[in-house]
Amino acid sequence: MTIAAPVNEWFLRNRRDLPWRRAGFGAWGILVSEFMLQQTPVVRVIEPLAAWLERWPTPADLAAVPVGEAVRAWGRLGYPRRALRLHACAVVITEEFGGVVPERVDDLLTLPGVGEYTARAVAVFAYGHRHPVVDTNVRRVIARAIDGQADAGPASTNRDLAAMAALLPQDDADARVTNAAIMELGAIVCTARSPKCAECPIADVCAWRADGYPEYRGPARAAQARYEGSDRQVRGLILAELRTSDIPVTRDELEALWPDAAQRERALASLVADGLVVASGSDFTLPQ
DNA sequence: AATTCGTGGGT
DNA sequence: TACCCAAGAAT
């Protein structure tokens, strides 16, 4: 509680003017933004989000088109399975929720691609309900300011949600601001690489700072696998080819994308298994 | 619980 | 240059 007030005040003066924070942006827009923001930097989401919502202003609009259109429109945002799940989400919302994005966390959690973070983000930011919202930024701020650790360890949903819940003001509207404010603080001040403690509104109560910025001691997070030469890269190459082609892509064209036949076939098979690619005779297309 | 899943920019 | 990191979810 000693951090909610100063962080809220800081937020009201320093928050970025992001599209999904504009009044009347709508629950659908916020849901789409949260899908796009999963593991993807804010700056890369702005334009695709605007194009997406112009094309599909409601869940029913998206549900009405073939899922392949969603995969194509996803473009280079990364993790294209999110496009499949967002489309599936639109179908469920249209068929089971009357075309209205649900506002209860437990209803939101039933939607494809909606997990603990996204469900609460929608309930809080779109509907104003009072829940803790915990993303990577929030986890880092709490690890530093409260726990005195340089970085958060592995995620632990219950512990992380409880820690954030303990910081929230009682009032729904204030709690909503605090959720956005701590996330924003982690995004632009208490950053992973070079935190700007001189600009931090809670530097005077930060446990990490008070302890002299000790290095992180805890379970090492698994190193991210190298991308170059990975199956992910091959999947990306194949899907990029399909995205930019209006007609089915032949095996010969796919062979030109990657020399290792075994890896190419493995990547292709996994894309088919995911539903991102379908066989069309002896050729391949995005799903219809 | 540990892995897998894109892409691009920062350090 | 090689990492590291990014409003996570599913398995």
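Predicted model, so just to flag it, every value in this text is computed and none were measured. Throughout, a chain's letter reflects where its sequence line sits, starting with A, and its residues are numbered from 1.
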Send over the distance from A:E241 CD to B:dG6 P, rounded to a whole Å.
-> 17 Å
Student check: side-chain heavy atoms of A:Y213 and A:P195 closer than 4.5 Å = no
Is there side-chain contact between A:W258 and A:I238, with at least one heavy-atom pair below 4.5 Å?
-> no
Under 4.0 angstrom, heavy atoms only, what part of the nucleic acid is A:R243 near: base, sugar-phosphate, or nothing?
-> sugar-phosphate
When rounded to the nearest Å, what value does the distance between C1' atoms of B:dA1 and C:dA10 take?
-> 13 Å
Between A:N179 and A:R176, is any side-chain donor less than 3.5 angstrom from a side-chain acceptor?
-> no
Residue mapping more 5' on DNA chain B - nearest nucleotide basis, A:A222 or A:L77 = A:A222
Check ion pair A:R120-A:E34 (N to O, under 4.0 angstrom) | no
Considering only heavy atoms from C-beta outward, does the side chain of A:W20 approach that of A:I46 to under 4.5 Å?
-> yes
Which part of the nucleic acid, if any, lies within reach of A:P80 when heavy atoms closer than 4.0 Å are counted: base, sugar-phosphate only, or nothing?
-> sugar-phosphate
Tell me which of A:S194 and A:G236 sits closer to the 5' end of DNA chain B, going by the nucleotide each one is nearest to.
-> A:G236
Does a side-chain heavy-atom distance below 4.5 Å link A:E184 with A:W10?
-> yes
Whole-Å distance, A:Q233 CD to B:dC5 P, equals 13 Å
Gap between atoms CD1 and P, on A:I46 and B:dG8 respectively (whole Å) = 17 Å
Name all residues meeting the side chain to side chain donor-acceptor pair (under 3.5 Å) criterion together with A:Y227; count only those two or more places apart in sequence or in a different chain, and write none if there are none.
-> none
A:L239 CG to B:dC5 P, in whole Å, measures 13 Å
Taking CH2 from A:W258 and P from B:dG6, how many angstroms apart are they, rounded to a whole number?
-> 14 Å
Gap in Å between the two P atoms, one belonging to B:dT4 and one to C:dA7, rounded = 23 Å
Atom-to-atom span, CZ of A:R232 to P of B:dG8 - whole angstrom | 14 Å
With a 4.0 Å cut-off on heavy atoms, is A:F35 in touch with a base, just the backbone sugar-phosphate, or nothing at all?
-> nothing
Looking only at side-chain N and O atoms, does A:R82 come under 4.0 Å of OP1 or OP2 in B:dC5?
-> no
NZ of A:K196 versus C1' of B:dG10: gap in Å, rounded?
-> 11 Å
Sugar-phosphate means primed atoms, P, OP1 and OP2; the rest is base. With that split, encode nucleotides 4-11 of chain C 5' to 3' as B, S or - using protein heavy atoms under 4.0 Å.
-> BBBBBSS-
Given the P atoms of C:dA9 and B:dG8, what is the spacing between them in whole Å?
-> 23 Å
Interatomic distance at P, B:dT3 relative to C:dC4, whole Å | 16 Å
Interatomic distance where CH2 belongs to A:W74 and P belongs to B:dT7 [whole Å] = 12 Å
Check: A:L286 and A:L239 side chains under 4.5 Å, non-hydrogen atoms = yes
